Amino acid sequence: MSVVVRFAPSPTGGLHIGGVRTALYNYLFARKHKGRFILRIEDTDQTRFVEGAEDYIINSLKWCGIEFNEGVHLGGPCVPYRQSERKELYAGYARQLIESGAGYYAFDTPTELDEMRARLEASGIKSPQYNSITRSTMKNSLTLPQEEVQRRVDAGDPYVIRLKVPRKEEVRFHDEVRGWVVIHSSQVDDKVLMKSDGMPTYHMANVVDDHTMGITHVIRGEEWLSSTPLHVLLYRAFGWEDTMPKFAHLPLILKPEGTGKLSKRDADKFPQFPLAFTDAEGKTYKGFKELGYLPEALINFLALLGWNPGGDEEIMDLDRMTEAFSLERIGKSGTKYDLAKAEWFNQVYLRKRTDEELIEPVKIELQKEGIEIPTDAFLLRFISLMKERVTFLKDFIAQGRYFFETPQVYDEGFKQNKWVPEAPVWMIEIAKQFETVENWQTSELESCLKHWVSKHELSLGKVLPAFRLAITGLGYGPVTFEVAQTIGKTETLLRLNKATEIK
RNA sequence: UCCCAUAUAGUCUAGUGGUUAGGAUAUGGCCCUUUCAAGGCCGAGACCCGAGUUCAAUUCUCGGUAUGGGAACCA
C-alpha cells in the first residue's frame, strides 16, 4: 500500500517552527516511501480565521524546500482541500452517526454547560465532563422525547452533535514512536463533533478527511496524543477501523528557557517563523529568512530536533535526510529550542555555498541597507574574504560595511589600545609609499609596507593594527592588505589621510 | 485534581545487562593568525531518585519525583 500523508495546519496565524518540523517529517516520510504528501487546510474555526495565513504557510514551506504533491494550492484527486469547503461532507457523516446511534443531538446552551460544570465541581468532581454519566441530566436526544428532538431540529434550534462514547471500553492504539497506548473510554468525554454553526470540530473533520483522502500515516504533534483515543473511537463508529491510519506523535518543541511548549506567542522573544509575519494587531515578526538564515540550515537544524539517523552524521541536505529518515528513529522526549545550534548550522551552510551562490543573497542584504551595489567582481572578492567569518547573511554587511563606505567612526576600544600617538604620522607616510605602488596587489602592498616598517625600525605589531583601524575602522576582519586591494588605490589613500582625524 | 507521555553533560543526542558511557553544540585553556573568524590540540561537564530481579542494572520490573501534553461548540 502506498503511503499518503498530510500536513494540516489551521490558518490562524504564522506557521511556527513546530509546524515546519511536522511538515518536514511528513515530507521526508512521503518522499522516502515514494508516497503522496497533501496540504490540507483546517479552517473549521471561523472565529480564528486569519486573512493571508494560508498563503503565508505555503510560501514559508516553499522557502524551506518542502513541496507538496497535492493540496489546497495544487488541487488533486481529493478536492476540495479546505475543510470549510467540505462542510456538506461532514454533515452527511454526522447524520450517519446519528442514525447508527453512535452520535446524538445536544441542545444545551453554553450557559447550561457552564452550570453543569459548576454543579459537578461543587459536588467534588475534579474534572467535569459531558459523558456517559452526565449526559442523562442534559438536554439531548438521549433524554428528550423523540418528538421534541424532531421539533427542535425542524425548528432550527441550535444544536451540536456529540459522540456517544461507550461507558466501559478499553481503547488502545499503536503509536509508531511510542508503542502501545491504552486509555479507558471513561476518560474520554462525549466530544462535540458538529458545532452549532454547522461546522465540524477538528476531531470530526480530521477523521473524515483522513479516511476519505486515504491517509495512511498521521504524523502530528504530541499535543494530539490525548485525543487520539477519541479519534480511534470515531473510526470505529464509522466502521473504518480496518483502514485506520497509523499514528506517529512527535515530541514537542519546548521553550528555550522556562517551561512549556513553544508557542507563536513567543515570537517576539526569538525567531519562530520562516518568513516575516504580521499579526492581526499589525505587529511584524522577523522570520528566519529576514534574520539571514539559509533555508537549508534551518531545515537541517529542525530535522535533528527530535530525530536523528543513528550515527554521528549531522550535516544533511533534504536528499540525504530523505534517505536516512524513519519513524522509528524519532525521539520520545520534548526538546528545547536552542538557537545556538541553529546558528552553527547557518555558519556551516554559509561556508558550504560557493561565492557565486552568495552573490544574490548578499545583494539583497546590501539593498536592505541602501548600499549601492558594486560590480559582481568586487562582490565576489568581498564574499570570499568575509565568508569564513560570518554566521548570518546580515553579518556580511554588519561586519564588512567598510568595503562599501569610508569609515566614519572608529572602534573605541581598539582605538584606545592600538592607536598610538605616532599613528597619524605613520599613516601619512604609508600613504606616500603606497602612492608609488604600480601594481595594486595585496602582495605588493604588503611588501611595500613591511619594507617601510623595517627601514624605520618600527614594529609591525604596532603599525599593522593602526593600519587596520585606519582602513576599516574596526579591530577585526580579513587581512587589511586584502581589504586595501579590494577597495582600490584611491580609496585606500583617502582613508589613510583621513585617519589623521582619529583622536 | 484526573488522564496520557517522557526522563543520558547547559543544549541536541548515540549507545549498552559487564563500555575509560560516544558525537555535536555551547563553554574554559593553548596553538595558529601580530587582529577577528575558521582550523588544530587539550580540559571541565551526564545515565532523575528509591527498591526489586541478577554474579552484575544507566539499561529489565515496580514505586516515587520532576517535566511536558491533554481534560473547549480551539486546532
Side-chain angles (χ1 to χ4, degrees), chain A residues 8-12 42-45 47-48 83 106 108-110 113 117 121 124-130 158-162 175 177-179 181-184 186-189 191-203 205-206 220-230 249 251-257 259-261 301 304-315 329 331-345 347-348 351 386-391 395 399 414 418 459-465 467-469 472 474-480:
Chain A
S10 60
T12 54
E42 310 227 330
D43 57 347
T44 54
D45 186 354
T47 63
R48 294 210 304 160
Q83 290 182 330
D108 316 278
T109 64
L113 289 172
R117 290 187 190 109
E121 268 168 34
I125 292 167
K126 37 286 165 206
S127 47
Q129 287 188 325
Y130 201 118
Y159 64 83
V160 300
I161 295 177
R162 288 181 181 270
D175 186 273
V177 344
R178 279 150 224 281
V181 177
V182 187
I183 294 186
H184 196 90
S186 61
Q187 299 301 327
V188 182
D189 59 353
K191 279 275 181 299
V192 171
L193 266 20
M194 296 297 289
K195 301 185 263 189
S196 55
D197 65 358
M199 279 289 194
T201 58
Y202 169 81
H203 305 296
N206 102 76
R220 75 221 307 188
E222 194 190 334
E223 67 264 36
W224 297 112
L225 189 61
S226 301
S227 40
T228 305
L230 169 74
H249 289 95
L252 262 16
I253 299 178
L254 276 16
K255 294 176 200 281
E257 14 192 88
T259 57
K261 76 167 168 172
F301 166 66
L304 261 16
L305 226 49
W307 169 82
N308 80 83
D312 292 340
E313 194 178 2
E314 284 206 294
I315 305 299
R329 292 214 61 90
K332 296 178 179 63
S333 50
T335 57
K336 284 229 165 123
Y337 184 58
D338 181 11
L339 254 1
K341 196 66 179 274
E343 292 178 8
W344 175 76
F345 273 114
Q347 187 178 284
V348 169
R351 277 184 287 139
M386 294 296 292
K387 196 168 79 173
E388 292 284 317
R389 57 197 74 229
V390 297
T391 300
D395 295 338
Q399 297 175 22
F414 194 70
K418 307 291 185 183
S459 140
L460 262 184
K462 292 211 184 227
V463 176
L464 247 26
F467 177 52
R468 170 181 295 282
L469 187 71
T472 72
L474 297 175
Y476 57 88
V479 174
T480 315

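All chains are named by letter (A, B, ...) in the order of the sequence lines, taking the proteins before the strands, and each is independently numbered beginning at 1. From a predicted model like this one, the values you see are computed outputs, not experimental measurements.
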Check every atom of [options] against the side chain of [X] and return the nucleotide holding the closest atom.
X	options	answer
A/T335	B/rA75, B/rC73, B/rC12	B/rC12
A/A340	B/rA26, B/rC73, B/rC74	B/rA26
A/S333	B/rA7, B/rA75, B/rG22	B/rA7
A/E223	B/rA24, B/rC73, B/rG69	B/rG69

With the sugar-phosphate defined as primed atoms, P, OP1 and OP2, and the base as all remaining atoms, what B/S/- string results for nucleotides 35-46 of chain B, 5' to 3', for protein heavy atoms under 4.0 Å?
BBSS--------
At under 4.0 Å between heavy atoms, what does A/E222 touch on the DNA or RNA strands: base, sugar-phosphate, or nothing?
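A/E222: base contact, heavy atoms under 4.0 Å.
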Check every strand shown and say whether A/D108 touches a base, only sugar-phosphate, or nothing at a heavy-atom separation below 4.0 Å.
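A/D108: base contact, heavy atoms under 4.0 Å.
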Using the [atom1] atom on both, measure [N] against [M] and round to a whole Å.
N	M	atom1	answer
B/rG63	B/rU53	C1'	15 Å
B/rA37	B/rA44	C1'	24 Å
B/rU58	B/rU1	C1'	34 Å
B/rG23	B/rC41	P	12 Å
B/rU27	B/rA9	C1'	12 Å

Got a sec, which residues hit side chain to side chain donor-acceptor pair (under 3.5 Å) with A/Q399, two or more places apart in sequence or on another chain?
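For A/Q399 there are no side chain to side chain donor-acceptor pair (under 3.5 Å) partners, ignoring immediate neighbours.
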With A/K191 via side chain to side chain donor-acceptor pair (under 3.5 Å) - residues at least two apart:
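For A/K191, the residues satisfying side chain to side chain donor-acceptor pair (under 3.5 Å) (neighbours in sequence not counted) are A/D189.
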Side-chain N or O of [X] versus OP1/OP2 of [N]: is the shortest distance under 4.0 Å?
X	N	result
A/N308	B/rA14	yes
A/K255	B/rU11	no
A/K261	B/rG70	yes

Stepwise, does the side chain to side chain contact (heavy atoms under 4.5 Å, CB included) test hold for A/R178 with A/E222?
CA-CA 10 Å; A/R178 279 150 224 281; A/E222 194 190 334; 3.7 Å; yes
Heavy-atom nearest nucleotide on RNA chain B for A/Y159 versus A/S226: which residue maps closer to 5'?
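Upstream on the strand: A/S226.
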Under 3.5 Å for both donor-acceptor distances, Watson-Crick or wobble: does B/rU65 have a partner, and if so which one?
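Partner of B/rU65: B/rA7.
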Looking only at atom types and distance, does a side-chain atom of A/E121 sit under 3.5 Å from a main-chain N or O of A/P128, one as donor and one as acceptor?
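Judged by distance alone, no pair lies under 3.5 Å.
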